[in-house]
Amino acid sequence: MRLDALAVIAVGALAVILLWWWRSKSDPRQARLPPELRSAGLVYAERLFQSAGPVSISARVDRVYRNAAGVLVLVELKTRETNRTYQSDVIELSAQRVALMTHTGDVVADYAYIVTERPDGFRMGCHQVRLISHADVIFLAIRRGELFAGKVEPQSTCSSCLCRKCAFVRPCDPSSR
Ligand code: SF4
């Protein structure tokens, strides 16, 4: 067999291997979860939990897995154009943790995973985030209630990037604060 024919076969074989590798990496069933949870059992999916107490927290979890240490770990899938997380994601997951922990009495990890995916389904990343404490979630819930009741004055965010995309920018007028 001629040398150039062998080269064509080698390039073809390499292309097939690369295609197989790319497909296996982008298979959402295999690639979405962090390594810690790839063999973990799914415990809850799309389920609402509510904490008892003077300040009740209700939150719907996306996915909850039990890791090898027996601890529940929250996972949230976010469909967005950018491969990043926001502080609002952290607050949302922290509220889920409080609701889940107090409703079930189970130990829930103080970190969670956010899987980011583009609207076309392409998986972009998996981010581990540190959650805020139970006390801080209660503080935010109380402040939210007071804001809605008009008992406290809202403050503008220190991030002007948030204001640029905010639907309330006109009534809020952050430049006047
Ligand atoms: S426009 Fe007002 S409500 Fe919106 S992010 Fe900025 S400060 Fe917050």
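All values derive from a computational prediction rather than experimental measurement. Order of listing sets the numbers, starting from 1, for every ligand and every atom in it.
Every atom of ligand 1 with a heavy atom of Cys166 under 4.0 Å away is listed here by number and element: 1 (S), 3 (S), 4 (Fe), 5 (S). Contact atoms of ligand 1 toward Val169: 1 (S) (distance under 4.0 Å to a heavy atom of the residue).
Sorted by first and then second residue, the pairs that involve residues 62-84 and meet salt bridge (charged side-chain N to carboxylate O under 4.0 Å, His left out), not counting sequence neighbours, are Arg66-Asp106, Glu76-Lys78, Lys78-Glu92, Arg80-Asp89.
Residue contacts to atom 6 (Fe) of ligand 1: Cys163 brings an N, O or S atom closer than 2.8 Å.
Cluster note: Leu48 groups with no other residue, as no ILVMFWY side-chain heavy atom lies under 4.5 Å from it.
Taking all atoms of both residues into account, the shortest heavy-atom contact from Arg143 to Pro154 is NH2-CA, 4.1 Å. In terms of heavy-atom proximity, Leu33 sits nearest to Leu37 at CD1-O, 3.6 Å.
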